[in-house]
Every structure is written in C-alpha cells, then in structure tokens.
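Structure first, commentary second.
Keep in mind that the numbers below use all heavy atoms, side chains included, and drop hydrogens, waters and symmetry copies. Positions are given from 1 along the sequence.
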Amino acid sequence: MARTKRVLLGRALRSDSVGRTLLPKRLALPVFASDPLSSVAYAPGEILLVLSVAGAAAYAGSAWITAAVAVLMVTVVASYRQTVRAYPNGGGAYAVVSRTFGRRAGLTVGSALLVDYVLTVAVSVSAGVDNLGSAVGAVRAYPVPSALAVIAVLTLLNLRGTRESGRLFAVPTYAFVVCVLAMILCGAVRAAGFGDTLRAPTADYEIAAEQTGLSALAMGFLLLRAFSSGCAALTGVEAISNGVPAFREPRGRNAATTLTIMGALAVTMFTGVMALALHSGVRMAHDPAHDLLIDGRPAGAGYHQDPVIAQVGAAVFGAGSVPFLCLAAATALVLFLAANTAYNGFPVLGSTLAQDRYLPRQLHTRGDRLAYSNGIVFLTLLAAVLVIAFRADVNQLIQLYIVGVFVSFTFSQSGMVRHWNLLLADERDPAARGRMRRARALNGFGAGLCALVLAVVLVTKLGHGAWVSLVGMALFHLVMSAIRRRYDQVADELEPDAPAERLGIRPSQVHAVVLVSQLHKPTYRALAYARLLRARSLAAVTIAVDPEDAGRLAEEWRRRHVDVPLHVLDAPYREITHPFVAYVEDLRRAHPDDVVSVVIPEYVVGHWYERLLHNRSALRLRARLLHTPGVTVTTVPWRLRSSGAALARIGRHHPLHAPGVVRRGTGHHPRRP
C-alpha cells in the first residue's frame, strides 16, 4: 500500500521544504486562474442562449451585456488587489469578513465559497466532457462515468502537490490563451484590413423565437437574465485571494500582479470572442432541434450545436484547419483543468476554516506532498455527488452557479470598506489617508456593484435552480456552526481546574511516556495515572505537527508549573506516528531490560459523528505501537458529557443484561424458564 502510494503521489516532503512548493507568478496563473480564463468557452454562449428566447434580433443587446460584464470584471479584480495586499496570509473574503463583520458573517461567506468551489469542479468537468463528447462517441454515451474519471485524475494530480500540478497544467492553459488571442487577432485583422466576410457555420440559420412581441419590461428582464448568465466569466476570481500563502515572497505583491494579468487576459478574451461571435453571425438556441431553422426547417434531433468559441474558430481559421483543431484541443483541455482553480482554493479555505474549528481538524494539516490532501479528497467527493445527481448536465449545473460568487464578492468588498474605515480612524499621515480613501472608494464602488449584480442573479436565476445553491450554503453554515459548537463545548469541558495538580515521581523499572496535545483535564488525568505506575522515569511528549501550536503548549506547560518534563518532537512530514515511535524505540534501546509504558488520553464520546472529530491520530498510533516489542499502551479515558447517550443506548437495548444491573439490584431479573 505504501509503495503504491509513493508511485502515484511521489515521495513525502519535509515541512521545511515547503518553500520549494511555493509558486512563481508564471505557475500561479494557470493554477489559480484557469477557471476565469476558461469561462470564455461557455460564458458567451450562455448570453446568446438566453437572448435567443426572443429571436436573433435580441442579440443586439449582447454588446451592452458584454461591456457590463467587462466593467464588472475590471472592478472586481481591482478590488481584490486591495484584499490580497491587506491580507497576505490568505483567507480572502472569509478572512476579511470575519475580521470586520464578525464570525457569523464570515461563516456565511465561507459557506458560499465552499459551494462555489464544488460547483466549479462539477461545471468545468461536465463542460469539458460535453465538448469532448462532440468528437468522441464513447464520452457522449457515458458522460457521468467520463466526468468521474476526469475528477479522479485531477484529484491524483493535485495530491502530488501544488507545484507539480502547476507545471502539468501550465502548458494547456497557456496554449489556450495563445490560441484564443491568435484567433481574436486574426479575426480582427481579417474583419478590418482585408475586407473578408467572417461567416460562422450557423450564420445563415434562423432562430424560431419562443416569445415574440416582448414588452419593454419583459425585454429588460431578459437582458438582466442574460447578464447574470454572462457573469459566469467571473467565477474563480476570488481563488487568488484565498490562495495567497501558495505564492512566493513577496506574497501580496505577487498575488496582486497575477490578479492583474488574469483580469487583463480574461477581459480581452471574453470581449474579443463576443465581438467576433456577433460579427460572424453565430446563432445559438436552447433547443436547437426545434428552434434552430435551416432553410426554414428545424435542425432536427441529429443536429449537434457547437459552442460559440468553436463556431468563431471555424469562421476565423476554417473548420478542420490545423489552427482550428489546436483551438478545439486546447479548449477541451482547459475546461477540464479549470476545475484546478477549485482544487487549489477549496483546500486552503478548508484549512483556514478547520483552524478556526468550523471543520474537522484533519482538514487543517498538509499531507505527504505538502498539499492539503484531506481537503482535496473532500472536494472530490462533493463534486462527484453533484455530477451524479445532475447527470453531468452542464445546462442544469450552470444555473446553480454565480450565487455563491457574488455573495462572497459583496461581503468581501463591504468588509474592505470597513477595514479602511478602521485604519483611517488611527492614521494621521495625510498621504497615507489619501491612499486609504481612494482604496475605500474603489472597494465601496465594487461592493455596490456586486450587491446589484447579486440581486439581479437572485431575481433571474432563483427559479432556474439557483435555490439549490442557497440550500447548499445553508447546509454548510449549519454543519460548520454545529462543529464549532461541539469543539467549543469540548474545550470548555476539558479546561483544567486551578490550581493545577502537582505530580510526584517514584522510581521503578518502567519508563512512562504520556502523549499530550493540549494541557487540559484529560492530560492531567493521564499524567496522574502514569505517576501511579511508579515509573523509573516519566516524561510528556508532544509532536510539533504545527510548530506554533507546540510552542503555545510549551509556554502553557511552563506557566502552569507542571513538574513533568515536556519533550517536543519535530514532525517534518506532519504526522505523529513515525517521530513518536522513533522516540519510544530509542528509549527501549537505551534501557533494553525495562518496559516502556505509553499512556494516551482518549475521549469517550456518545455519537458516531463525534468519532470523526476526535481520537483519529491516537487510534493510528495505538495500532502501530501494538507491534513494537517491550512497549505497553494504556488508554486513559475521559468521558465527555455526550458519552451518557451511549450508556443510555446500551441500557435501553440490553436492559436485563447491562453490566452490573443484577448485582446493583437496579433492574429486573430475567424470568426463569
């Protein structure tokens, strides 16, 4: 098993080599920006599909929609540049809102971002399968298994580490950017300089309008709905602000520069493709079999509607040409890789939320390859559930999109306004105050614009599936709140009473080692039990998976004057088993005739879900130590209040045979036959 893991993921990396995994800007761009860059493959089509309800004549409004989306993109990118500079430690919108508006608002934003990242994987992979299915029949026949296979491959690549995945994904992402920019440049030259007539394959087709003679109010609503669909181009913009810790130093400046490059490329590509689509006469319909007319007749069930970018490529390069095939291949690849934005944003955000005790602590630590492996696996499972539930249907999944994005945008920019207000209250330098006021004005404009877009999205998409996103956000919020309450209850319950117990040591031929992670009641009980062993030596050992946590424990140990030596073991690969077993084995070699007694405090819980939150590392360590000669393992239980529920279940299910019932006289004797 271990050998297979090494073959698939590579050898484990030490914690002190994390600097080598940090990303330069050239790799950070494809890692964090593949989603907004790839949206040019489907966002223009979403605009035209919505407008097609009123017929091809309604396409005239797409120019204004394109301009509005471009302005929104520029505003959001400029606003997030302020965020990454002000919060270089990452966390993005969640960090900003939690600090400025409090825990509940921060949790709302965190829930919105988690939902958006899961949807990013599901939508991007499903869109890639849809594009690939037009050329490969097996993919078209089995879209769900194909999508799940792609998700599995992306998971494996990301588990190998951020830097390695960045290198793998850089070539397809940059190839897509080059192909699209070349198409825009060639199309502009042909349209402006040579008098060529760019004609899309569908330019001579007609659209049978589903609704004719729309009133001004109905037409306005249709334009707003098309605008909200076009805002899919902004998904993934916030990933850079969440992933700032993955950048090389200076983190804030490098992240801001990458944001600028991403924004410039995304706006250029989106507006260029839309301009060429309108110029070349691209036609799209929700139901092309019936609503797309060829020579006055419906296209029929056998007609396959190509995406906008494919039709524009055919108009500029010629269908079947080498440049066209390169564009098609790069588009399919980048749509798959767009999910990588979520694979880098979700685990980092999950680690931050776990550090704040909103998610299980296992999501906070890095894996063997210094990636947040548990977060990657968690994202994979959630995305797979969505793909299966919606049968990898892009048209259904994309309706769920956008809501979470603009919830986070609106809260984030509002939080930045409050951030500048707090700084201005203490700043006296006129030049600095001027810069802060300008930044506040930019963030204020961004907050107002994003709030307006959020309202539009809710009004136009709520009945088309956006309510599912709201339900998902609410579920995340409830679950994370429950996890935080549970961790807080346990922390309060385990807070040691003052004054701290004093521990004495008596000589023996036993060497007692107590594994500790925090200084609380279970730790004191374990130390007290170890003293009863009359050990020859007694020591407490903690594993420095997180050096800051280990430092805080050592300081607390000294402050409370615990008279048992505390040994802090280095954990360069962020796992406790190997360094602790090595410590025990060294102790055995130094005293081969003695016994090493390992004492592990353990929580006794009453519900199955609590087992996911506690004792996981202790269970793995105990299993490993059972195979170490000359070592005994003792578990010192600490029963949480919830453990009473388990005891009640035992008594309820086995009232006649519960331990001690007959002896204590608290139950009824079974009837004799």
Side-chain angles (χ1 to χ4, degrees), residues 13 17-40 73 76-95 113 116-117 120-121 124 154 157-178 181 234-269 333-334 336-352 366 369-372 375-376 379 412:
L13 300 176
S17 64
V18 68
R20 290 187 293 157
T21 68
L22 298 179
L23 299 173
K25 294 188 288 293
R26 69 179 184 278
L27 292 181
L29 185 67
V31 166
F32 288 106
S34 54
D35 182 20
L37 293 178
S38 68
S39 64
V40 70
M73 172 74 81
V76 170
V77 168
S79 298
Y80 267 100
R81 278 176 55 87
Q82 308 290 334
T83 302
V84 298
R85 289 182 179 275
Y87 293 86
N89 292 324
Y94 169 72
L113 287 172
D116 181 59
Y117 282 136
T120 294
V121 176
S124 299
L154 289 172
L157 293 175
N158 279 280
L159 287 174
R160 293 185 63 87
T162 303
R163 189 178 181 88
E164 283 203 32
S165 64
R167 287 172 176 166
L168 290 169
F169 299 160
V171 173
T173 303
Y174 282 123
F176 174 73
V177 171
V178 169
L181 292 179
L234 277 79
T235 57
V237 171
E238 77 289 342
I240 290 179
S241 67
N242 289 326
V244 176
F247 283 78
R248 282 182 178 174
E249 295 288 354
R251 294 173 177 175
R253 187 171 68 186
N254 287 338
T257 302
T258 306
L259 259 172
T260 302
I261 296 171
M262 180 208 69
L265 289 174
V267 169
T268 301
M269 293 163 63
L333 277 175
V334 83
F336 288 137
L337 301 184
N340 197 56
T341 297
Y343 271 104
N344 285 277
F346 184 100
V348 175
L349 178 60
S351 173
T352 303
R366 296 176 184 266
R369 299 289 296 175
L370 294 173
Y372 293 105
I376 292 172
L379 172 62
S412 173

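Residues passing the side-chain hydrogen bond (donor to acceptor under 3.5 Å, both in side chains) test with T120 are Y401, sequence neighbours excluded. Not counting sequence neighbours, the partners of A78 by the side chain to side chain contact (heavy atoms under 4.5 Å, CB included) test are L442. Under the side chain to side chain contact (heavy atoms under 4.5 Å, CB included) criterion, A255 pairs with V84, I240, V244, F247, not counting sequence neighbours. Partners of T257 according to the side-chain hydrogen bond (donor to acceptor under 3.5 Å, both in side chains) rule, which considers only residues two or more places apart in sequence or in another chain, do not exist here. Not counting sequence neighbours, Y343 has no partner by the ring-ring contact (aromatic ring centres under 6.0 Å, His included) test. When the side-chain hydrogen bond (donor to acceptor under 3.5 Å, both in side chains) test is applied to D35, the partners found at least two apart in sequence or on another chain are T235. Partners of T258 under the side-chain hydrogen bond (donor to acceptor under 3.5 Å, both in side chains) rule, at least two apart in sequence or in another chain, do not exist in this structure. Remark: S39 engages Y42, A233 in a side chain to side chain contact (heavy atoms under 4.5 Å, CB included) (not counting sequence neighbours).
With rounding to the nearest 0.5 Å, the separation of NZ in K25 from CG in L259 is 12.5 Å. Note that OH of Y372 is 14.5 Å distant from CG of L159, once rounded to the nearest 0.5 Å. Rounding to the nearest 0.5 Å gives a distance of 10.5 Å between OH of Y117 and CG of L379. Taking CG of L333 as the reference point, atom OG1 of T173 lies at 9.0 Å (rounded to 0.5 Å).
The two residues G375 and P347 make their nearest non-hydrogen contact at C-CG, 4.1 Å. Across every non-hydrogen atom of R248 and N254, the tightest pair is O-ND2, 2.9 Å. The two residues S124 and A339 have their closest heavy-atom pair at CB-N, 3.7 Å. Among all heavy-atom pairs drawn from S241 and Y80, the shortest one is OG-CE2, 3.4 Å. Pairing each heavy atom of R85 with each of A256, the nearest pair is NE-CB, 3.9 Å.
Counting only heavy atoms from C-beta outward, the side chains of V237 and M73 approach each other to under 4.5 Å.
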- [ ] Would you check, one step at a time, whether the test side-chain contact (heavy atoms from CB on, under 4.5 Å) holds for M269 with F176?
- [x] CA-CA 10 Å; M269 293 163 63; F176 174 73; 3.4 Å; yes
Open item on the list: Set out, in order, the CA-CA distance, both residues' side-chain angles and the distance that settles side-chain contact (heavy atoms from CB on, under 4.5 Å) for V334 and L37, then state yes or no.
Closed with: CA-CA 9 Å; V334 83; L37 293 178; 5.8 Å; no
For residues 261-268, please give each side-chain donor-acceptor pair under 3.5 Å, one per line with the distance, not counting sequence neighbours.
{"unit_1": "T268", "atom_1": "OG1", "unit_2": "A264", "atom_2": "O", "d": "2.7"}

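Residue pairs meeting the salt bridge (Lys or Arg N to Asp or Glu O under 4.0 Å) criterion with at least one partner in residues 253-267, sequence neighbours excluded, are absent.
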